Amino acid sequence: MPVNVSSETVKLSLGASSVEVALKGATVISYVHDGRERLFVSSKSDIRTSDSTAIRGGVPLCWPVFGPPPSDNELFSKLKQHGFARTSVWEVADQQDSQEGVKVVFKLSPTEAIKSVFKLPFTLTYTVDLRPYTLVLTLHVENPSSAVAALPFQAALHTYFRLPQGVRPPDVSVDGLENLAYNDKVSGEQKVTERRKEVVVDGPNGEIDRVYFRAPNELVMRFKGQAETVKVTKSGFADAVVWNPGPKKGSTIADMEEGGYDRYVCLEGCQVEPFVYLDPGKDWTGTYEVSFDQ
Ligand SMILES: O=P(O)(O)OC[C@H]1O[C@H](O)[C@H](O)[C@@H](O)[C@@H]1O
């Protein structure tokens, strides 16, 4: 069976590729491509729906905020960092097996727990589409036509790419960010212009945490001395984030496995600035596709 639904996860298989998605957060926790795991998940993560913490790794889905909620809007005042979508339990709404690949559609609507921290109505639909050479993740946000107000949100697919064997930061770089404005969350500088063609994953104490605005729809991650690259193709998500905490900060993250910060780099498709304001009856779609070149 190409789709296997259990009480905690959904597995999709297609030839030598497979994907596993935790119902907690609809978090993609494994993507095996060409027989190799491409995502990092800390062994200290708890993927069970009974646990309310976010999974450290895979592809956490940040919604309706990215990062700490803005303090100037009452609507977001009860939210935690990155919002509730990554810790809520999603339902499986549909599954399809066709010539093109295997797809599972997940859905999240307001539950009583969500309504207690976020009062606006919404429907989130998240499609995980495993194709022979790529993984396509599509987030669809709807503000119901019965709503009486616009739905404001940020969104991110916070992908933790597992680094190839023997590679660790700073031997990782990202191409495609040249001439973009970015906010540096490490130094606190805002709207700095990136001058480098290749952004090396490094910073003070090895930490890099940057939001690049209006990023191109194609970004490439490279590894020093290796031909293999990771290609991210996005649409809808205007921005991109590059994050690795480095050893100093990384070793203070409670759910990070020993040395885990050396095993991944996050390259995230995001909608950070501006917030999307969806009028009643309107919808928004963001796609994020991962592929590999040898
Ligand atoms: O620890 P988390 O809440 O999962 O956040 C992990 C990271 O997410 C993003 O990449 C942010 O830009 C970082 O500032 C943050 O540290």
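All of these numbers come straight from a predicted model, not from anything done at the bench. Numbering of ligands and ligand atoms starts at 1, following listing order.
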Student: Do the ring centers of F84 and F118 come within less than 6.0 Å of each other?
Tutor: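 So the answer is yes for these two rings.
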
Student: Throw together a table of side-chain donor-acceptor distances under 3.5 angstrom for residues 167-176, partners on residues two or more places apart or in other chains.
Tutor:
| from | atom 1 | to | atom 2 | distance (Å) |
| --- | --- | --- | --- | --- |
| S173 | OG | E198 | OE1 | 3.0 |
| D175 | OD2 | R222 | NE | 3.2 |
| D175 | OD2 | R222 | NH2 | 3.0 |

Student: Under the rule for salt bridge (charged side-chain N to carboxylate O under 4.0 Å, His left out), what residues qualify as partners of K115, not counting sequence neighbours?
Tutor: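 Checked K115 against salt bridge (charged side-chain N to carboxylate O under 4.0 Å, His left out); matches are E112.
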
Student: In terms of side-chain geometry, is the basic nitrogen of R48 or D46 positioned less than 4.0 Å from the acidic oxygen of its partner?
Tutor: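 Between D46 and R48 there is a salt bridge, with a charged N closer than 4.0 Å to a carboxylate O.
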
Student: May I have the list of side-chain donor-acceptor pairs in residues 89-97 shorter than 3.5 Å, sequence neighbours left out?
Tutor:
| from | atom 1 | to | atom 2 | distance (Å) |
| --- | --- | --- | --- | --- |
| W90 | NE1 | A85 | O | 3.0 |
| D94 | OD2 | Q96 | NE2 | 2.9 |

Student: Look at R38 together with E228 and state whether they make a salt bridge at an N to O cut-off of under 4.0 Å.
Tutor: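 Counted as a salt bridge, because a side-chain N and a carboxylate O are separated by less than 4.0 Å.
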
Student: Under 3.5 Å, N/O to N/O: give me all the pairs between ligand 1 and the protein, one per line with atom names and distance.
Tutor:
| from | atom 1 | to | atom 2 | distance (Å) |
| --- | --- | --- | --- | --- |
| ligand 1 | 1 (O) | R56 | NH1 | 3.2 |
| ligand 1 | 1 (O) | R56 | NH2 | 3.0 |
| ligand 1 | 3 (O) | Q81 | NE2 | 2.9 |
| ligand 1 | 3 (O) | R86 | NH2 | 3.0 |
| ligand 1 | 4 (O) | R56 | NH1 | 3.1 |
| ligand 1 | 4 (O) | R86 | NH1 | 2.9 |
| ligand 1 | 5 (O) | Q81 | NE2 | 3.2 |
| ligand 1 | 5 (O) | H82 | NE2 | 3.2 |
| ligand 1 | 8 (O) | H82 | NE2 | 3.0 |
| ligand 1 | 8 (O) | H158 | NE2 | 2.6 |
| ligand 1 | 10 (O) | H158 | NE2 | 3.1 |
| ligand 1 | 10 (O) | E268 | OE2 | 2.9 |
| ligand 1 | 12 (O) | K185 | NZ | 3.0 |
| ligand 1 | 12 (O) | D209 | OD1 | 2.7 |
| ligand 1 | 14 (O) | D209 | OD2 | 2.4 |

